[in-house]
Amino acid sequence: MLSERRLEVLRAIVQDYVGTEEPVGSKALTERHALGVSPATVRNDMAVLEDEGYIQQPHTSAGRVPTDKGYRLFVDRLTSVKPLSGAERRAIGNFLDGAVDLDDVVARTVRLLAQLTRQVAIVQYPSLTRSTVRHVELLALAPARVMLVLITDTGRVEQRLVDAPAPIGETVLADLRARLNSRVVGRRFSDVPPLVQELPEGFEPDDRPSVQVVLATLLETLVEETEERIMLGGTANLTRFGHDFPLTIRPVLEALEEQVVLLKLLGEAKDSGVTVRIGHENFHEGLNSTSVVSVGYGSGDEAVAKLGVVGPTRMDYPGTMGAVRAVARYVGQILAES
């Protein structure tokens, strides 16, 4: 275990390196921070931090920079996450409150996160596997054509056209709509199939084939839409950090193009707290020079999806964690009110 003083020296090195982009020397540390000890003591502390793998010397005659292990300890021992200013919180509220539907909420959230953190922003759409049905609407477009609209508790809307084998009367459609909603509203997607299995039997024999087609389309929609969707924004921000990537940012950009990689990066939605993965903690080799800060968001106590940012390991962790957490809270409020 590091002593509190050496931990303070590590904190100072991380803060200075993030702020200046320059390796940090003992003289600069004692000048900029009230460490209460001599430069010689700081040099000794830095030697211990280097021996234990928390900092390293990028090249001779340079100062020191944090390693992945050093950033990890810094994040783990953070006493507080930097709160957003009143103006920033109002700006988030004003920007997200103007959203007209779920797609707009996600698009605005990506732009906002990228602007606030100046990193790459990733937002996962609310997962339908963790969603519940808010309403099923059936609209007659023609005698034998129906539009099925599925609305989830997170505001996600899915529409399907249904061609029935025979005309469906308005009375039958209204009856089916009422029976469907009485059984499935508030239920998780995975619970729906057995609840509607026997519905056709309650209709006249001539109407049953059309009812079965409508129900089959509903069940297909529930299955199809379990596929996760993600929106990405702010990749141009990476060009500002070219020197933070050892060789090139190409491996980072290639990794970010893969949907499966992005989903794994964000992690399980049930982990709703702020998660920080640093450097080689990221499973994908192309992202070993980056850090990922993610958090779950949802319309209630349970997270239904994740959002986060990807940037270089030389990152303002307290500020980024604060921004990601604040945006997730606002998105959750919007979903709860939608």
Side-chain angles (χ1 to χ4, degrees), residues 81-137 149-159 181 184-189 221-222 225-234 259 262-263 265-275 292-310 319-338:
V81 170
K82 194 190 297 178
L84 297 185
S85 67
E88 286 173 321
R89 287 198 301 273
R90 284 191 297 277
I92 291 175
N94 293 338
F95 189 66
L96 293 180
D97 284 345
V100 294
D101 57 21
L102 183 64
D103 286 326
D104 198 15
V105 170
V106 173
R108 284 170 180 253
T109 302
V110 163
R111 278 162 50 207
L112 182 64
L113 262 182
Q115 287 167 11
L116 276 176
T117 63
R118 303 177 78 195
Q119 315 281 6
V120 179
I122 311 172
V123 179
Q124 178 187 17
Y125 274 76
S127 170
L128 292 189
T129 56
R130 286 177 291 275
S131 298
T132 59
V133 178
R134 177 179 287 176
H135 184 70
V136 178
E137 187 55 68
V149 183
L150 173 68
I151 304 170
T152 74
D153 62 326
T154 54
R156 195 159 165 176
V157 178
E158 300 296 330
Q159 298 180 351
N181 281 296
V184 305
V185 167
R187 298 291 194 145
R188 284 182 177 270
F189 279 29
T221 306
L222 297 178
E225 293 305 322
T226 54
E227 181 189 341
E228 305 292 2
R229 291 165 62 195
I230 274 191
M231 190 174 286
L232 185 74
Q259 179 101 343
L262 296 180
L263 285 168
L265 270 186
L266 290 177
E268 287 294 317
K270 63 177 182 287
D271 305 327
S272 54
V274 176
T275 303
V292 181
V293 179
S294 61
V295 67
Y297 71 88
S299 55
D301 295 333
E302 186 184 13
V304 293
K306 299 286 281 279
L307 57 79
V309 298
V310 180
T320 302
M321 291 162 73
V324 166
R325 196 167 66 180
V327 170
R329 197 177 295 128
Y330 273 95
V331 175
Q333 287 171 5
I334 288 169
L335 294 182
E337 292 162 6
S338 64

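Between the side chain of Asp153 and the main chain of Arg134, no donor-acceptor pair closer than 3.5 Å is present. A distance-only check finds no donor-acceptor pair linking the side chain of Tyr125 to the backbone of Met231 [under 3.5 Å]. Checked by atom type and distance alone, the side chain of Lys306 never pairs as donor or acceptor with a backbone atom of Ser294 at under 3.5 Å. Panel note: side chain Arg187, backbone Val133; no donor-acceptor pair is recorded below 3.5 Å. No donor-acceptor pair closer than 3.5 Å links the side chain of Arg325 to the backbone N or O of Val274.
Residues Thr152 and Phe189 are in side-chain contact: their nearest non-hydrogen atoms beyond the backbone lie under 4.5 Å apart. Between Leu116 and Phe95, every side-chain heavy-atom pair lies at or beyond the 4.5 Å cut-off. A heavy-atom distance below 4.5 Å is not found between the side chains of Ile151 and Glu137. Put simply, the side chain of Pro126 reaches to within 4.5 Å of the side chain of Leu335, judged on heavy atoms.
By the neighbour-count criterion of 12 heavy atoms within 6.0 Å, atom CZ of Arg118 is sparsely surrounded, having that number or fewer from other residues, nucleotides or ligands.
Counting all heavy atoms, side chain and backbone alike, Gly233 lies closest to Ala114 at O-CB, 4.2 Å. Closest of all the heavy-atom pairs between Gln259 and Arg229 is NE2-CA, 3.6 Å. Of all the heavy atoms in Ala326 and Leu84, the pair that sits closest is CB-CD1, 3.4 Å. Between Thr117 and Ala323 the shortest heavy-atom distance is CG2-CB, 3.9 Å. For the residue pair Val310 and Gln119, the shortest heavy atom distance occurs at O-CB, 3.4 Å.
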Step-by-step side chain to side chain contact (heavy atoms under 4.5 Å, CB included) determination, Thr109 to Leu96: CA-CA 7 Å; Thr109 302; Leu96 293 180; 3.7 Å; yes
The test is side chain to side chain contact (heavy atoms under 4.5 Å, CB included); show your working for Leu307 and Val295 and say whether it passes. CA-CA 6 Å; Leu307 57 79; Val295 67; 3.8 Å; yes
Residues Val327, Leu112; criterion side chain to side chain contact (heavy atoms under 4.5 Å, CB included); working and verdict: CA-CA 8 Å; Val327 170; Leu112 182 64; 4.1 Å; yes
Side chain to side chain contact (heavy atoms under 4.5 Å, CB included) for Ile92 and Arg329? Distances and angles first, verdict last. CA-CA 10 Å; Ile92 291 175; Arg329 197 177 295 128; over 6 Å; no
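In this structure, NE2 on His135 lies 5.0 Å from CG on Asn181, to the nearest 0.5 angstrom.
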